[in-house]
Visitor: 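Provided herewith is a single structure, encoded as structure tokens, for subsequent inquiry.
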Amino acid sequence: MSNQHMLYEDNVNEQNHSKLIQFFIDVKFLLKGKVLVANVLPVLTGFFLALYFSNQNFSNHWQLFLLTMIGSTLVISGALILNNWYEVDLDRKMERTEKRPTVSGNFTLNSVLWAGIITTIVGHGLMLLVTWEAALYSFLGWFVYVVLYTFWTKRKYTWNTIIGSVSGAFTPLIGWAALLPANHIVPITMFIILFIWQIPHSLAVYINRLEDYTRAGIPMFPVVRGVDEAIKHNLLWVAHLLPFPFLLLGSLGWGFVIFATILGVTWVIFSAKGFKAEDKQKWAKGNLRFSLIYLILLSLYMILIGV
């Protein structure tokens, strides 16, 4: 084989490898990487807590676990894909979304639409094989996010964040309902905590990317009411998290309550620093980071209880 031919093959292989890497990068941006993980983690948490409270072994339910996790991940992915498809005009105006394949043109809008539809249908189909209740919560979370949040309220109302937060709060109910009915203090309290958590988490995103949302004309709270008012509401919502772990004292014990309270008080202190922060954007970025730490550590603690 000639050197020229070998060089040609090496170049083709390198290009194919580069295209494959770019494809996975595009998929990551299409699925909003961190958002997907933050929604799937509470499903996992709910499942392991249900195992614990039903005194069942994971080894007897690993197939149900895989079905639940794959099905719910596909449903959540479908919602995120459809969100990207619908909001491409807004994403073109924002720096934080400029790498999404719908903006770059790496994926056609038609292919993204079909990917969202197919992923949603397959995900819901798998969830129907889990339990009807888990499937119901999956559908409700999807419906609220896609129809009520993305299609209806996001472009029109400042309270769109409240609607979006309801959607994400269904995730622990999905995992729990795979094994047990969700009329229990643990999944209900998790629903409330997840709902409250998402609001300061979202406010941190909006403050950090204020110019983006202003340029795109999206009526997020700090765009409409100002950054100072958003910082005040951020603190109020974080403070609202403090009492709810106490509802789980009888179920999860003092260890959990103390751990959750330490996390909550730390977040309150950090949130209060926003009033005197010279660089509000830098503070918001730190607040966003801590919101994720709060969710991850709280979820991991609950998972360890259930394991």
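Model, not experiment: these values are computed from the prediction. Just so it is clear, the values below take in all heavy atoms, side chains as well, and ignore hydrogens, waters and symmetry mates.
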Visitor: Identify the two heavy atoms, one from Met220 and one from Tyr213, that lie closest to each other, and give their separation to 0.1 Å.
Guide: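 Met220 and Tyr213 have their closest heavy atoms at CG-CD2, 3.7 Å.
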
Visitor: Looking at Leu148, is its backbone amide N or carbonyl O close enough to the side chain of Thr153 to form a donor-acceptor pair, meaning the two atoms are under 3.5 Å apart?
Guide: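 Pair found, side chain donor or acceptor close to backbone of Leu148.
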
Visitor: Check step by step if side-chain contact (heavy atoms from CB on, under 4.5 Å) holds for Met302 and Phe256.
Guide: CA-CA 8 Å; Met302 289 180 168; Phe256 170 78; 3.3 Å; yes

Visitor: Is any side-chain heavy atom of Leu82 closer than 4.5 Å to a side-chain heavy atom of Leu113?
Guide: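 They are in contact (side-chain heavy atoms under 4.5 Å apart), so the answer is yes.
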
Visitor: Counting only heavy atoms not in Trp159, do more than 12 fall under 6.0 Å of its CH2?
Guide: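 Result for CH2/Trp159: enclosed.
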
Visitor: Can you confirm whether the side chains of Asn234 and Ser271 place a donor and an acceptor under 3.5 Å from each other?
Guide: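 Asn234 vs Ser271: donor-acceptor pair found between side chains.
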
Visitor: Let me see the working for Leu210 and Gln281 under side-chain contact (heavy atoms from CB on, under 4.5 Å), right down to the final yes or no.
Guide: CA-CA 8 Å; Leu210 184 64; Gln281 195 173 36; over 6 Å; no

Visitor: One pair to check against side-chain contact (heavy atoms from CB on, under 4.5 Å): Tyr294 and Val238. What are the steps and the verdict?
Guide: CA-CA 11 Å; Tyr294 178 94; Val238 172; over 6 Å; no

Visitor: Using side-chain contact (heavy atoms from CB on, under 4.5 Å), reason through Arg289 and Phe270 one step at a time and then give a plain yes or no.
Guide: CA-CA 11 Å; Arg289 190 179 299 115; Phe270 191 90; over 6 Å; no

Visitor: Calculate, to the nearest 0.5 Å, the distance between atoms OG1 and CD1 belonging to Thr158 and Ile218 respectively.
Guide: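 The OG1 atom of Thr158 sits 12.0 Å away from the CD1 atom of Ile218.
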
Visitor: Between Ser291 and His201 (side chain of the first, backbone of the second, donor and acceptor by atom type, cut-off under 3.5 Å), is there such a pair?
Guide: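 Pair absent, no side-chain N/O of Ser291 close to backbone of His201.
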
Visitor: Distance check, rounded to the nearest 0.5 Å: Thr161 atom OG1 versus Tyr206 atom OH?
Guide: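 If we round to the nearest 0.5 Å, Thr161:OG1 and Tyr206:OH are 3.0 Å apart.
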
Visitor: Around atom CZ of Phe259, are there more than 12 heavy atoms of other residues, nucleotides or ligands at under 6.0 Å?
Guide: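 Yes, because the 6.0 Å sphere around CZ of Phe259 holds more than 12 heavy atoms from other groups.
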
Visitor: If we only count heavy atoms from C-beta on, is the Ile76 to Val40 side-chain gap below 4.5 Å?
Guide: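 Contact flag for Ile76/Val40 side chains = yes.
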
Visitor: Please answer: with hydrophobic residues joined when any side-chain heavy atoms are less than 4.5 Å apart, are Trp132 and Leu173 in the same cluster?
Guide: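 Trp132 clusters together with Leu173.
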
Visitor: State, to 0.1 Å, how close Ala134 and Ala177 come at their nearest heavy-atom pair, and which atoms those are.
Guide: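 Where Ala134 meets Ala177 most closely, the heavy atoms are N-CB, 3.7 Å.
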
Visitor: Determine whether more than 12 heavy atoms belonging to other residues, nucleotides or ligands lie under 6.0 Å from atom CD of Glu229.
Guide: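 Check passes, neighbour count above 12.
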
Visitor: Kindly compute the distance separating CD (Gln198) from CG (Asn39), expressed to the nearest 0.5 Å.
Guide: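 Output value for this atom pair is 6.5 Å.
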
Visitor: With a 4.5 Å cut-off on side-chain heavy-atom distances among I, L, V, M, F, W and Y, is there a chain of contacts connecting Val37 to Leu44?
Guide: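 Per the 4.5 Å side-chain linkage, Val37 and Leu44 are not co-clustered.
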
Visitor: Are the side chain of Trp176 and the backbone of Leu49 linked by a donor-acceptor contact shorter than 3.5 Å?
Guide: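 Flag not set: sc Trp176 to bb Leu49 has no pair under 3.5 Å.
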
Visitor: Restricting to non-hydrogen atoms, name the atom on Thr119 and the atom on Leu74 that form the minimum distance, rounded to 0.1 Å.
Guide: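 Residues Thr119 and Leu74, closest heavy atoms: CG2-O, 3.0 Å.
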
Visitor: Specify whether Phe221 and His233 have parallel, tilted or perpendicular ring planes, treating 30° as the upper limit for parallel and 60° as the lower limit for perpendicular.
Guide: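 The arrangement is tilted - the two ring planes meet at 30° to 60°.
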
Visitor: Report, as yes or no, whether the 6.0 Å neighbourhood of atom NE2 on His240 holds more than 12 heavy atoms from other residues, nucleotides or ligands.
Guide: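 No - once you tally the heavy atoms of other residues, nucleotides and ligands closer than 6.0 Å, there are 12 at most.
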
Visitor: Contact between Tyr137 and Thr171 at the side-chain level, heavy atoms closer than 4.5 Å - yes or no?
Guide: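 Sidechains of Thr171 and Tyr137: no contact.
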
Visitor: Does any donor atom in the side chain of Asn160 or Trp152 lie under 3.5 Å from an acceptor atom in the other side chain?
Guide: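 Per modelled atom types, Asn160 and Trp152 side chains form no pair under 3.5 Å.
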
Visitor: Quick check: is Val265 connected to Leu236 through a chain of hydrophobic side chains (ILVMFWY, heavy atoms under 4.5 Å apart)?
Guide: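 No; tracing contacts between hydrophobic side chains, which count when under 4.5 Å, never links both residues.
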
Visitor: Is any side-chain heavy atom of Ile293 closer than 4.5 Å to a side-chain heavy atom of Trp267?
Guide: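 No, too far: nothing below the 4.5 Å cut-off.
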
Visitor: Check whether any side-chain N or O of Thr150 sits under 3.5 Å from a backbone N or O of Val147 as a donor-acceptor pair, and report yes or no.
Guide: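 Checked: no pair found.
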
Visitor: List the atom pairs, with distances to 0.1 Å, where a side-chain N or O of residues 179-193 and a protein N or O form a donor-acceptor pair under 3.5 Å, not counting sequence neighbours.
Guide:
unit_1, atom_1, unit_2, atom_2, d
His184, ND1, Val186, N, 3.0
Thr189, OG1, Ile185, O, 2.7

Visitor: Quick check: do Val88 and Arg92 have side-chain heavy atoms less than 4.5 Å from each other?
Guide: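 Answer yes - side chains close enough.
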
Visitor: Indicate if Leu128 and Val75 have the same hydrophobic cluster label, given that clusters are the connected sets of ILVMFWY residues with side-chain heavy-atom separations under 4.5 angstrom.
Guide: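 Different clusters: Leu128 never reaches Val75 through Ile, Leu, Val, Met, Phe, Trp or Tyr contacts under 4.5 Å.
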
Visitor: Can you give me the closest heavy-atom contact between Phe275 and Lys280, atom names plus distance?
Guide: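 Closest approach of Phe275 to Lys280, heavy atoms only: O-NZ, 3.0 Å.
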
Visitor: Do Phe29 and Ile21 sit in the same hydrophobic cluster, where Ile, Leu, Val, Met, Phe, Trp and Tyr count as joined when their side-chain heavy atoms come under 4.5 Å apart?
Guide: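 Yes: a chain of side-chain contacts under 4.5 Å links Phe29 to Ile21.
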
Visitor: State, yes or no, whether a side-chain contact exists between Ile231 and Trp283 at a heavy-atom distance under 4.5 Å.
Guide: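 Ile231 reaches Trp283 side chain to side chain.
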
Visitor: State, with a plain yes or no, whether a side-chain heavy atom of Leu288 is found less than 4.5 Å away from one of Arg209.
Guide: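 No, every pair of side-chain atoms sits at 4.5 Å or beyond.
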
Visitor: Treating Ser251 as the side-chain partner and Leu248 as the backbone partner, does any N or O pair qualify as donor plus acceptor under 3.5 Å?
Guide: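 Side chain of Ser251 to backbone of Leu248, a donor-acceptor pair under 3.5 Å: no, none is there.
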
Visitor: Which of these, Trp62, Phe53, Tyr52, Phe65, sits in a ring pair (Phe, Tyr, Trp, His ring centres under 6.0 Å) with Phe47?
Guide: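 Of all the options given, the one that passes is Phe65.
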
Visitor: Between the side chains of Asn83 and Lys154, does any donor sit under 3.5 Å from an acceptor?
Guide: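 No, no side-chain donor-acceptor contact under 3.5 Å.
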
Visitor: Which pair of heavy atoms, one from Met94 and one from Leu90, lies closest together, and at what distance?
Guide: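 In this case the closest contact between Met94 and Leu90 is CG-O, 3.4 Å.
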
Visitor: Nearest 0.5 Å, please: how far is CG in Leu241 from CZ in Phe195?
Guide: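 Taking CZ in Phe195 and CG in Leu241, the distance rounds to 11.0 Å.
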
Visitor: At their closest point, which heavy atom of Met127 faces which heavy atom of Gly71, and how far apart are they?
Guide: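 Closest approach of Met127 to Gly71: SD-C, 3.7 Å.
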
Visitor: Supply the atom-to-atom distance Lys28 NZ to Lys99 NZ, rounded to the nearest 0.5 angstrom.
Guide: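 Here the interatomic distance stands at 8.5 Å.
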
Visitor: To the nearest 0.5 Å, how far apart are NZ in Lys32 and OG in Ser77?
Guide: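 Between atom NZ of Lys32 and atom OG of Ser77 there are 11.5 Å.
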
Visitor: With a 6.0 Å cut-off on ring centres, are Phe107 and Phe23 close enough?
Guide: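 Here the rings of Phe23 and Phe107 have centres that are less than 6.0 Å from each other.
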
Visitor: With a 4.5 Å cut-off on side-chain heavy atoms, are Asn84 and Leu80 touching?
Guide: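 They are not in contact (no side-chain heavy atoms under 4.5 Å apart), so the answer is no.
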
Visitor: One thing to verify: whether Asp212 and Arg96 come together as a salt bridge, which I'm taking to mean a side-chain N less than 4.0 angstrom from a carboxylate O.
Guide: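 No, no charged N to carboxylate O under 4.0 Å.
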
Visitor: On the 0 to 90° scale, with breaks at 30° and 60°, tag the Trp85-Phe151 ring pair as parallel, tilted or perpendicular.
Guide: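 Rings of Trp85 and Phe151: perpendicular, over 60°.
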
